[in-house]
Amino acid sequence: MSSENPPVENKPSSHDLSRCPPNKIIFDHSKGEYVCLETGEVIEERVIDERAEWRAFTPEEREKRARTGGPITGTVHDMGFATSIDYADKDASGRRIVEKKAQLQKLRKWQARTRIQSSIDRNLAQALNELERISELLNLPTHVREEAARIYRLAVEKGLVRGRSIESVIAAAVYVAAREARVPRSLDEITKYTRIPRKEIARCYRLLLKELGIKVSAVDPIDFIPRIAHALGLSGELIMAATDILNKVRDKGVTAGKDPAGLAAAAVYIAAISAGEKRTQKEVAHVAGVTEVTVRNRYKEIIEALGLEDKMEE
DNA sequence: CTTTAGACGAAGTATTA
DNA sequence: TAATAATTCGTCTAAAG
């Protein structure tokens, strides 16, 4: 192996919230989210009480994992019965009971039924636990978590979880919910926090769409722009500029079938250069979760479609 | 030395028969 | 289900700054 390791290499995790100083957190009005300028991660949406939420998300609080995501709404579960009735036909003192045998028999039958119920609950509890964990790592807003929980419940009711791991279905539900809310996370991002291979999550995703009759529109590349731009420390005006670029090329056939993240990355790259706030392809590609090659190709195509070949000098 | 550009096959995806 | 077409990725080479 003659290949050396570049100093700054494969650090795909732009999600390290510990390097997220409070003064680097800004509010994205277009999405109603707090976004970290360092990492581009969405911190929290739903700003009912700003200061309270703000304080909860200082790095120190983060480190201590004091609170994130808040009290789980609609995620409360019933732990079911802890006690059980055994088959020994004896009472507490060990004496044999004959008279009450019939009654006990009924009780057992009834409990067998509730046992099924409580096994569903246990499943749900575990699933919601996993959901919270993933959502937190992805910094998904609460309403997305609730939607994912709802989707998972539907999946359980339809028996779709049978023969599949809870984690994979939850991951797929998160993917769907994030897309619905237009705060998309890529399959790779979700895969990163799961033991489930990306392929499997994609399978479950398709299954959910089909079996639950869910319709999600194609991901709009524009939805990726704020995160990418913020991650690079670029301004709100620049977000607007990048958005304009994508809007202009939208109908020019350049965007069909292309990775939305790559398109957004290229738009940000172009806008940054135009604004005299140049970022390298490498930087943009990294925070966008695509390769430099892809940024390059999209860049070239957009420039050509817009006839900006000459304007890009310096 | 770093950034950018381009080319190639490998690999994963979407579409169609 | 299998074949196909288009796309991205990883790596390499090379030019430009």
Side-chain angles (χ1 to χ4, degrees), chain A residues 1-14 168 171-172 174-176 178-179 184-211 213-225 227-229 231-234 238 242 245-246 249-314:
Chain A
M1 288 300 142
S2 58
S3 63
E4 286 231 11
N5 274 355
V8 185
E9 239 252 320
N10 68 4
K11 199 57 195 104
S13 71
S14 52
S168 59
V174 168
Y175 182 64
V176 173
R179 282 183 62 156
R185 297 295 185 271
S186 73
L187 271 181
D188 284 323
E189 284 177 290
I190 295 177
T191 306
K192 197 153 56 189
Y193 302 120
T194 311
R195 275 165 302 176
I196 311 298
R198 166 208 172 94
K199 204 178 159 192
E200 176 66 18
I201 299 178
R203 235 202 306 275
C204 288
Y205 162 69
R206 284 189 291 268
L207 187 81
L208 289 185
L209 293 197
K210 187 173 181 204
E211 297 299 323
I214 300 174
K215 281 261 192 11
V216 289
S217 46
V219 175
D220 187 341
I222 290 174
D223 291 337
F224 282 110
I225 291 179
R227 268 209 296 161
I228 296 172
L232 296 169
L234 296 167
L238 199 129
I245 291 172
L246 284 192
V249 295
R250 167 159 314 196
D251 307 313
K252 302 220 162 200
V254 187
T255 62
K258 304 297 197 298
D259 181 351
L263 286 163
V268 170
Y269 177 67
I270 294 169
I273 291 176
S274 307
E277 301 232 13
K278 172 155 181 162
R279 296 295 184 276
T280 66
Q281 294 175 356
K282 190 176 180 179
E283 292 174 304
V284 180
H286 177 243
V287 300
V290 298
T291 61
E292 298 173 53
V293 180
T294 303
V295 174
R296 254 196 307 273
N297 292 336
R298 294 300 84 76
Y299 163 77
K300 193 171 190 290
E301 290 162 9
I302 293 176
I303 290 301
E304 278 169 13
L306 260 40
L308 293 174
E309 286 95 337
D310 313 316
K311 295 206 69 176
M312 296 310 292
E313 321 294 318
E314 202 75 14

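Labels below follow one simple rule: chain letters A, B, ... track the order of the sequence lines, proteins then strands, and each chain is numbered from 1. Note that the coordinates shown come from a computational prediction; the quantities given were computed from them, not determined experimentally.
Rounded to an integer number of Å, the gap from A:Lys282 NZ to C:dG10 P is 14 Å. Computed from coordinates, the A:Leu209 CG to B:dT13 C1' distance equals 15 Å when rounded to whole Å. Note: CG (A:Leu263) to P (C:dT8) measures 8 Å, nearest angstrom. At whole-Å resolution of the value, NZ in A:Lys258 and C1' in B:dT13 are 14 Å apart. When rounded to the nearest whole Å, the span between CD1 of A:Ile201 and P of B:dT13 equals 12 Å. A straight line from CG of A:Asn297 to P of B:dG6 spans 9 Å, rounded to a whole angstrom. Summarising the geometry, the separation between CD1 on A:Ile273 and C1' on B:dA5 is reported as 13 Å, rounded to the nearest angstrom. Distance, A:Glu283 CD to B:dT3 P: 7 Å, rounded to whole Å.
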Review point. A:Tyr193 and A:Val174: side chain to side chain contact (heavy atoms under 4.5 Å, CB included), yes or no, with the steps?
Key: CA-CA 12 Å; A:Tyr193 302 120; A:Val174 168; over 6 Å; no
Exercise for review: Step by step, work out the salt bridge (charged side-chain N to carboxylate O under 4.0 Å, His left out) result for A:Glu200 and A:Arg203.
Suggested key: CA-CA 5 Å; A:Glu200 176 66 18; A:Arg203 235 202 306 275; 2.9 Å; yes
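Among the protein residues, A:Ala256 comes within range of the sugar-phosphate backbone only, with heavy atoms under 4.0 Å from sugar or phosphate atoms but none that close to a base. Using a 4.0 Å heavy-atom cutoff across all strands shown, A:Lys199 reaches no nucleic acid atom at all.
Here A:Arg203 does not reach the OP1 or OP2 of B:dG12: none of its side-chain N or O atoms lies under 4.0 Å away. Close to B:dT3, at under 4.0 Å from its OP1 or OP2, lies no side-chain N or O of A:Arg296. An OP1 or OP2 oxygen of B:dT4 is reached within less than 4.0 angstrom by a side-chain nitrogen or oxygen of A:Lys278. For the pair A:Gln281 and B:dA5, the criterion of a side-chain N or O lying under 4.0 Å from OP1 or OP2 is met. In this structure, A:Tyr269 reaches the B:dT4 phosphate: one of its side-chain N or O atoms is under 4.0 Å from OP1 or OP2.
A:Arg298 pairs in a side chain to side chain contact (heavy atoms under 4.5 Å, CB included) with only one of the listed residues (A:Val293, A:Leu263, A:Val290), which is A:Leu263.
When both pairing distances are held under 3.5 Å, C:dA6 makes no Watson-Crick or G-U pair with any nucleotide shown.
Counting heavy atoms from C-beta outward, A:Asp220 and A:Arg250 have side chains that approach closer than 4.5 Å. With a 4.5 Å cut-off on side-chain heavy atoms, A:Tyr205 and A:Val216 count as touching.
Of the candidate nucleotides B:dT3, B:dG6, B:dA5, B:dA5 has the atom nearest to the side chain of A:Tyr299. Candidate nucleotides B:dA14, B:dT13, B:dT4 were compared by shortest atom distance to the side chain of A:Thr280, and B:dT4 ranks first. Counting only heavy atoms from C-beta on, A:Glu292 has its side chain closest to B:dT4 among B:dT4, C:dT7, B:dG12.
Mapping A:Val293 and A:Arg279 onto DNA chain B by nearest heavy atom places A:Arg279 closer to the 5' end of the strand.
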